[in-house]
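All values reported here derive from a predicted model rather than from experimental measurement.
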Amino acid sequence: PVLPPFYRVFMSGIVPDLGTEYDGKQFGPWFYAPALTSIVTPTFFGFLVGPSKPNRRADGQRGGLVVEKCKFLQESGCKGLCL
């Protein structure tokens, strides 16, 4: 998939094509990516997922997200689960 350059570098650790030997190589995901995603999602994607709040993952690290009811699945009539 096509991702914005800032996302590829800061979240997934994929180096953009800059004419270096590291072009296209992946050094991540970075340690902060899950925690940053759990903070950004409720703020900027609440319209899509509905009410949500950050919490801890199963391994105790920050980066989990609890979605109370997936707004997208509810409105689309999907019978699946929002994971």
Side-chain angles (χ1 to χ4, degrees):
V2 177
L3 298 173
F6 65 88
Y7 182 85
R8 293 174 61 114
V9 173
F10 293 113
M11 298 297 277
S12 65
I14 298 175
V15 178
D17 293 331
L18 301 172
T20 67
E21 63 185 274
Y22 301 109
D23 290 355
K25 294 193 179 186
Q26 185 168 3
F27 294 101
W30 300 113
F31 65 93
Y32 57 78
L36 187 59
T37 300
S38 70
I39 293 169
V40 169
T41 300
T43 306
F44 295 102
F45 296 103
F47 71 95
L48 184 60
V49 298
S52 60
K53 60 183 178 185
N55 83 349
R56 296 203 175 259
R57 301 183 315 201
D59 63 1
Q61 299 292 321
R62 287 184 278 168
L65 186 70
V66 176
V67 177
E68 293 175 20
K69 290 185 180 180
C70 187
K71 188 174 182 180
F72 176 77
L73 289 180
Q74 271 189 323
E75 292 183 8
S76 68
C78 180
K79 302 295 182 200
L81 296 172
C82 189
L83 302 174

Could you list the donor-acceptor pairs under 3.5 angstrom formed by side chains in residues 39-50, with sequence neighbours left out?
{"unit_1": "Thr41", "atom_1": "OG1", "unit_2": "Thr37", "atom_2": "O", "d": "2.7"}
{"unit_1": "Thr43", "atom_1": "OG1", "unit_2": "Ile39", "atom_2": "O", "d": "3.2"}

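- Take Tyr22 and apply the ring-ring contact (aromatic ring centres under 6.0 Å, His included) test, not counting sequence neighbours, and it matches Phe27.
- Contacts of Arg57 classified as side chain to side chain donor-acceptor pair (under 3.5 Å), with partners at least two apart in sequence or in another chain: Asp59.
- Applying the salt bridge (Lys or Arg N to Asp or Glu O under 4.0 Å) test to residues at least two apart or on different chains, none of the pairs has a partner in residues 15-24.
- In this structure, OH in Tyr32 is found 14.0 Å from CZ in Arg62, a value given to the nearest 0.5 Å.
- Listed by first and then second residue, the side chain to side chain donor-acceptor pair (under 3.5 Å) pairs that reach into residues 44-56 come to none, sequence neighbours excluded.
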